[in-house]
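Everything below concerns the one structure shown next.
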Amino acid sequence: MSEASQPTVTAAAPTSARVLPALIVAMLAFTVVQTAVVPILPSLAKELDVSGSSITWLMTANLLSAAVLTPLLGRFGDLRGRKPMLLVSLAGLVAGSALAVSTHSFTWLVVARVLQGAGGGVLPLAISIVRDEMPREKVTGGVAAISASMGVGSGLGLVATGLLLEHWSYKSIFWMGLAFGLIAVGLVALRVPKDPVVDKNGGADPLGAITLAGWLSALLIAVSQGNHWGWTSTKTLGLFAVAAVVALIWILIEVKVKHPLVDMKMLSRPAVAFTNISGLLIGFGMYGSFLLISNFAQTPEKLAHYGFTATVLHAGIMLLPSALGSMVAAPVGALLIARRGPRLPLVLGGLLGSAAMVYLAVRHGHEIDIYLSSAVFGLGVGLAYAAMPAYINGAVPAEQSGIANGMNAVLRTVGGAIGTAVMGAILTGDTMKLPIPVQLPTLDAYRHAFWIAAVMCLVAALVPFAIRRIKPVEPVAAEQAAPELAKTDA
């Protein structure tokens with residue numbers, strides 16, 4: 001019995017040279033915008049005259065918005081068409097960037113970051129468009145390129161932030177996002193055709209959408225603010241309890257409703273469920289490593305006797321090899337998937353990520369250690385992200401491709417939020433006693449954090465062995481679809 005389900009429906013496919021660059025630019029636009037503000041949060045706190053704990057809402061609001069809107073836009077893409085929803089997603093990113101450019105208010109800047117979170121829908125929608133529109137022999141490579149561009153965009157965003165701040169104010173970061181978003185909108189509007197696959201038999205699920213947004217909001221706020229509020233505080237524990245209760249209600253609704261937002265049977269398929277677990281763990285490692293490496297590099301060496309007293313730009317350049325590694329991973333991952341299936345690149349991705357973090361836990365005295373580990377980690381993340389959609393697309397029908405990949409993206413986001421919170425708690429929980437008001441983590445705190453990131457990536461490498469080998473779903477012509485529907489789920 002096959003883990004795969006119904007085949008896709010395709011129309012005459014335009015060339016990959018026309019469609020794929022537009023989708024990659026759209027993906028890069030979102031990831032650059034999402035990560036570009038991370039290195040400048042302390043500077044923004046001073047600029048906007050808010051506390052260090054409050055300024056983290058600029059990341060929390062964006063992560064929360066992306067987590068909630070990604071599966072919703074993915075599902076609406078399945079129901080109403082992928083291209084229109086992709087343009088809606090990018091429109092949110094552009095509107096948020098324009099608002100951020102025009103305001104000096106912290107409150108409105110948080111609103112802008114919420115709007116930018118709509119760009120999270122790009123990933124599942126772009127993957128679905130590739131699956132629908134491109135020639136079948138190019139689908140694996142196209143999906144790998146889009147997925148790996150998440151790592152590329154994150155690395156480039158950190159470098160671009162440092163470069164822009166060397167010459168202009170923090171507003172230049174949002175101008176960059178606005179320009180990138182407008183370019184992406186233009187390319188998608190002109191080069192991506194109207195997609196032929198629409199789930200005409202599906203329907204709206206407002207209760208499912210509300211409860212999904214509810215438990216994700218409670219979970220991400222608790223995780224993101226846990227370090228500030230205290231992990232055993234009433235607010236933190238209360239939000240975790242709310243998240244658990246509302247998640248249970250959401251599952252009950254999705255099981256019983258006629259047209260669920262998320263098909264629980266689809267979500268429970270081994271290829272989907274275990275891939276989502278890997279996504280959460282890799283997301284934990286990626287965002288956690290960005291935080292660790294950036295903070296470690298900027299630590300003043302004379303005070304801490306470790307670190308490199310790097311500027312924001314220098315720290316971003318140290319992370320640039322991770323972007324290059326993810327870029328290399330796209331064609332390598334596509335080749336491995338085509339020849340051996342998605343398991344090998346997903347396992348290799350976790351192993352390389354783990355090896356990079358182990359290396360940093362042991363060797364971190366020279367800048368070359370950072371550059372080398374960053375490159376290896378980026379290669380690992382790129383391979384893992386390239387493999388995940390291949391597993392998912394091989395297990396779900398085309399009309400569920402958007403929501404399935406959307407939920408995987410949500411788990412990556414949740415993993416990233418947890419990873420950032422855990423790493424932050426480790427670093428703030430073990431600090432030096434210095435005759436200055438600034439608190440610096442001990443070197444042991446960084447070592448422990450690197451080891452934890454390594455373990456998470458190693459577990460991500462082991463998870464795929466719980467998935468049996470599946471035969472990828474191959475696109476077929478619409479008239480061939482009916483007799484192929486006999487395949488059943490495991």
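Just so you know, these numbers use all the heavy atoms, side chains as well, and skip hydrogens, waters and symmetry mates. Residue indices begin at 1 and follow the sequence shown.
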Can you tell me how far [atom2] of [Y] sits from [atom1] of [X], rounded to the nearest 0.5 angstrom?
X	Y	atom1	atom2	result
Phe290	Ser322	CZ	OG	4.0 Å
Thr70	Leu411	OG1	CG	11.5 Å
Ser374	Asp369	OG	CG	12.0 Å
Met423	Leu291	CE	CG	8.0 Å

Partner of Leu123 under side-chain contact (heavy atoms from CB on, under 4.5 Å), picked from Asn405, Ile146, Asn408, is Ile146
Take a 6.0 Å sphere around [atom1] of [X] and say whether it holds more than 12 heavy atoms from other residues, nucleotides or ligands.
X	atom1	result
Trp229	CH2	yes
Trp108	CH2	no
Asp49	CG	no

Is any side-chain heavy atom of [X] closer than 4.5 Å to a side-chain heavy atom of [Y]?
X	Y	result
Leu440	Thr431	no
Ile282	Met388	yes
Ile337	Pro345	yes
Asn62	Val114	no
Trp57	Thr107	no

Under 6.0 Å between the ring centres of Phe274 and Phe465?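 Between Phe274 and Phe465, the centre distance exceeds or equals 6.0 Å.
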Ring centres of His364 and Tyr446 under 6.0 Å apart?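 No, they do not, as the ring centres are separated by 6.0 Å or more.
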What verdict does the side-chain contact (heavy atoms from CB on, under 4.5 Å) test give for His228 and Lys235, after you've listed the backbone C-alpha separation in whole Å, the side-chain angles of each residue and the deciding distance to 0.1 Å? CA-CA 11 Å; His228 172 57; Lys235 284 193 288 188; over 6 Å; no
Between Leu99 and Phe174, is a side-chain contact (heavy atoms from CB on, under 4.5 Å) present by the stated rule, with each step listed? CA-CA 9 Å; Leu99 177 59; Phe174 300 114; over 6 Å; no
Is the cationic atom of Arg412 (NZ for Lys, CZ for Arg) positioned less than 6.0 Å from the six-membered ring centroid of Tyr385 and within 45 degrees of its normal? yes
Please walk me through it: do Phe180 and Phe30 pass side-chain contact (heavy atoms from CB on, under 4.5 Å)? CA-CA 9 Å; Phe180 222 148; Phe30 171 66; over 6 Å; no
Does a donor on one side chain and an acceptor on the other come within less than 3.5 Å for Thr309 and Gln298? no
Side chains of Ser278 and Thr275, donor plus acceptor under 3.5 Å: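 Side chains of Ser278 and Thr275: no pair found under 3.5 Å.
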Should Tyr359 and Ile370 be marked as a side-chain contact (heavy atoms from CB on, under 4.5 Å) after you check the CA-CA gap, both sets of side-chain angles, and the distance that decides it? CA-CA 9 Å; Tyr359 183 90; Ile370 305 295; over 6 Å; no
Would Gln116 and Ser97 count as a side chain to side chain donor-acceptor pair (under 3.5 Å) if you check the C-alpha gap in whole Å, the side-chain angles of each, and the deciding distance to 0.1 Å? CA-CA 7 Å; Gln116 287 180 330; Ser97 299; 3.0 Å; yes
